[in-house]
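These figures come from a predicted structure and were not determined experimentally. When a ligand or atom number is given, it counts from 1 through the structure's own listing order.
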Amino acid sequence: MAWLVLVFLLLIPHLSVAKGLAVAKPDCRAKCGDIDVPFPFGIDPGCFLEGFYLNCSKNATDGTYKLLTGNVEVLEILLPTGQVRMNNHISWQCYRSTTRNIDKDTWYFDFRPTRYRISSLDNKFVTIGCDTLSYNTMVNYKNDIYRTGCVSVCYSRESLTNGTCSGIGCCETPIPPGINYYDASFDKNFNSSSVSDFSACSYAVVMEADNFTFSTSYVTGYDFWETHNGTVPILMDWSIADDTCNVANETSNYACVSHNSVCINMQNGPGYICKCWEGYEGNPYIQDGCQDIDECMKNSPCSGICVNTPGSFNCSCPPRTRGDPYSATGCHSIEKTSRWVKTFVGISVGLMILVILSCLVYFVLERRKIATIKEKYFKQYGGQLLYQEMKSKQGYAFTIFKEEELKEATNNFDAKNILGEGGNGTVYKGTLKNNKDVAIKRCKTIDERQKKEFGKEILILSQINHKNIVRILGCCLEVEIPILVYEFIPKGNLFDLIHSCNAPCISMGTRLRIAQESAEALAYLHSWASPPIVHRDVKSSNILLDENFMAKVSDFGASVLVPTDEDQFMTVVQGTRGYLDPEYMLTGLLTAKSDVYSFGVVLLELLTRKKAFLLDKPEDHMSLSSIFLSSMKENKLEEILDDQILDVESMNLINGVVKLARECLNMEGEKRPEMREVAETLDRLRKTIKHPWVQDNLEEIECLLGEPSNNKELEMTSYHSLEEKAMLAMEAGR
Ligand SMILES: *[C@@H]1O[C@H](CO)[C@@H](O)[C@H](O)[C@H]1NC(C)=O
Ligand SMILES: *[C@@H]1O[C@H](CO)[C@@H](O)[C@H](O)[C@H]1NC(C)=O
Ligand SMILES: *[C@@H]1O[C@H](CO)[C@@H](O)[C@H](O)[C@H]1NC(C)=O
Ligand SMILES: *[C@@H]1O[C@H](CO)[C@@H](O)[C@H](O)[C@H]1NC(C)=O
Ligand SMILES: *[C@@H]1O[C@H](CO)[C@@H](O)[C@H](O)[C@H]1NC(C)=O
Ligand SMILES: *[C@@H]1O[C@H](CO)[C@@H](O)[C@H](O)[C@H]1NC(C)=O
Ligand SMILES: *[C@@H]1O[C@H](CO)[C@@H](O)[C@H](O)[C@H]1NC(C)=O
Ligand SMILES: *[C@@H]1O[C@H](CO)[C@@H](O)[C@H](O)[C@H]1NC(C)=O
């Protein structure tokens, strides 16, 4: 339906244009044969303006029509340019070589006095011939007479050129404006007698310039005349009245009666013609003769949508297109471009999503990988066992830490938090979420056997609960080498106490107490579990001091459990120079007695305040134990003992400890005392202490450790036995 309406709408302007082209007055013949006869021309009475009558006669013999003005045939009426094309007769003369006569027929062309004038711009006077002088006598509308001549000469066929009319076989002269009469004639003195072998005739005519192109055959033959039976077209200008537009438009018979028409003064003499405005067409000489041209109907000048407007048109691009609708490149679809944009955007978005997805997948996989690795380690170190154990025993104070927790606690294992670095690992101070301080030990290596047994060992170690042993609070198994978490012991270690504190302040009592407490701890380790737990790295720096200066044996990183079926166990020799059991070093067989030897060295340290291993001494005096043994042999023991403890009162005590140390340092492990015996001996020796200055002197130690500001309460609670407290009170009272 809409389609039909559209077609109808498109048809309407077409119809109106057809109507606008109705060029004749109503009830007038508009055609003569095939030729349109528009007003102001007319065939019938009352159908033409004065001067524009045309005779349309029918040839009764062949039924053809001829349109005549006077005796000149009219071929076409051109309304917009104000012209008429007529049929003009060619004047000719021919030299008959047989009779030596000259035949000729010359015409004159007379439009005086009419509205017609020969169009000066569109016509020319053409002369053709090989020995010819023609004359053209002309008269204009003012009766001025003009005469022009034209000579055309040639001596051979070969000198003639097609298309060139410049004196050889052909010549032409222009027509002045305003001419309405001409008469062509030939000079008597020129005839073709001398060139009659190839050219006989000459022609002269005023004709439409565009219609003429010289051909050599016009000279050598009769083509020029024969083509149109001795006629050629001529264009005549015509005009309405003799007034100019200015004058005419004031008169009652002003010819430009149509709307949208304009008056134009004639160039070729007086008078005017009418024209439709630009964008209009039709007949300006009749009412409503000028009709809007529907530019969109013909070859549409738009590449988009064409909308006809009165006298013009508008081009626009169809919906969803853009561009220049007036140009040939025209409108292009936005959709097309937007489809490109969409495709582009789509691809980009797709790619982005892909990238994000792959990143996500990567991260998930990476996390899973890490989780798998963590799980692998966790399983490898027997985490499962530990976990089940923890579940089964209520109130079992052992935690399996996550790696993140420990990282957080140590500020990602910041070097600032390092408490100490040893051969087998680094100890960091850490603060857990509940503000509890802990010591976190990261071992450097772990051997294969330890790996398999780790969970089991940790399980055993975690159950050790002795006041002189640093407690293991937990561990982290999801790392390559497990991290151990111990309780934090605030007052440093025995090594620092006796070697870096240079004040004369550690009494024999204190030394004995620390020795005894350490021995208790080791004895506990040796006897608590079966197989015995061998510390492997007993040394003064592994004996820590808590806030009450109570000794706490630490560092189970190197501990191994000795299997039940063997008393001794082959391991890689491990330990610290100066403390190492020579027998263990020799055989690689580790027993609880190795700890006894190391403890003997600690006793020596306490007695001498010398380091277990002295790099600046000759080789045989590098280790404290060899110095000790040789001084004993030479009976110069007093030289190496610490001056602080050397007095008559404590000599018995010292001798007791020396004897004990000697036993511990026995080369044969078998002959060394058990740790339990060592502890008991030390306990016995402590009980023999009589003199107060031999006793524990903790407050002095405290000041030496650089914490003098600690309150009295701490000082008081520093004493860990009532007995000692009482002694001190007595001393203070004195
Ligand atoms: C029209 O032309 C024909 C033939 O030339 C002639 O016989 C006739 O008389 C002419 N009619 C008028 C009205 O001039
Ligand atoms: C009519 O046509 C015939 C044949 O074309 C021609 O011989 C004759 O001269 C014509 N008559 C007029 C009056 O032109
Ligand atoms: C043709 O021209 C020549 C020379 O121009 C002249 O002698 C001769 O008489 C002329 N012939 C005729 C028939 O006029
Ligand atoms: C000359 O005019 C005639 C008649 O109008 C036409 O048939 C012919 O094609 C024209 N020739 C040229 C070259 O314009
Ligand atoms: C000129 O053109 C005509 C036909 O168009 C031809 O017969 C003639 O041979 C041409 N002349 C030359 C010199 O080319
Ligand atoms: C020229 O006139 C003759 C006789 O009147 C006619 O047979 C021929 O067809 C006409 N030729 C042209 C081109 O009009
Ligand atoms: C006639 O034309 C002149 C100049 O073009 C103009 O000034 C004048 O108004 C016109 N008169 C009429 C009646 O159109
Ligand atoms: C034609 O287009 C111009 C600008 O594109 C606009 O200003 C004008 O109103 C339009 N005319 C019509 C009749 O659509």
> According to the interplanar angle, ranging from 0 to 90°, do the rings of Phe313 and Tyr326 count as parallel (below 30°), tilted (30 to 60°) or perpendicular (above 60°)?
Replying inline: tilted

>> Return the closest protein heavy atom for atom 7 (O) of ligand 5 as residue, atom name and distance.
In response: Ser217 CB, 4.9 Å

>> Quick test: of every protein heavy atom, which one is nearest to atom 10 (C) of ligand 5, and how far off is it to 0.1 Å?
In response: Asn162 ND2, 2.5 Å

> What atoms of ligand 1 come closer than 4.0 angstrom to any heavy atom of Tyr53?
Replying inline: 12 (C), 13 (C)

> So, is Asp62 polar-close to ligand 2, with some N/O to N/O distance under 3.5 Å?
Replying inline: yes

>> Among Phe109, Phe111, Trp238, which residue satisfies the ring-ring contact (aromatic ring centres under 6.0 Å, His included) criterion with Tyr116?
In response: Phe111

> What's the shortest distance from atom 5 (O) of ligand 1 to any protein heavy atom, and which residue and atom give it?
Replying inline: Leu68 CD1, 3.8 Å

> For atom 11 (N) of ligand 1, what is the nearest protein heavy atom, given as residue, atom name and distance?
Replying inline: Asn55 ND2, 2.9 Å

> Ring centroid separation for Tyr222 and Phe224, is it under 6.0 angstrom?
Replying inline: no

> Would the SG atoms of Cys94 and Cys201 measure under 2.5 Å apart?
Replying inline: yes

> Any non-hydrogen atom of Ser215 lying under 4.0 Å from ligand 5?
Replying inline: yes

> For Ser57, is at least one N or O under 3.5 Å away from an N or O on ligand 1?
Replying inline: no

>> Less than 6.0 angstrom from the centroid, inside 45 degrees of the normal: does Arg112 satisfy that with respect to the ring of Tyr181?
In response: yes

> Looking only at distance, does Thr216 have an N or O less than 3.5 Å from an N or O of ligand 5?
Replying inline: yes

> Between Phe41 and Phe52, does the ring centre distance come in under 6.0 Å?
Replying inline: yes

> Could Arg29 and Asp44 be called an ion pair, given the rule that one side-chain N must be under 4.0 Å from one carboxylate O?
Replying inline: yes

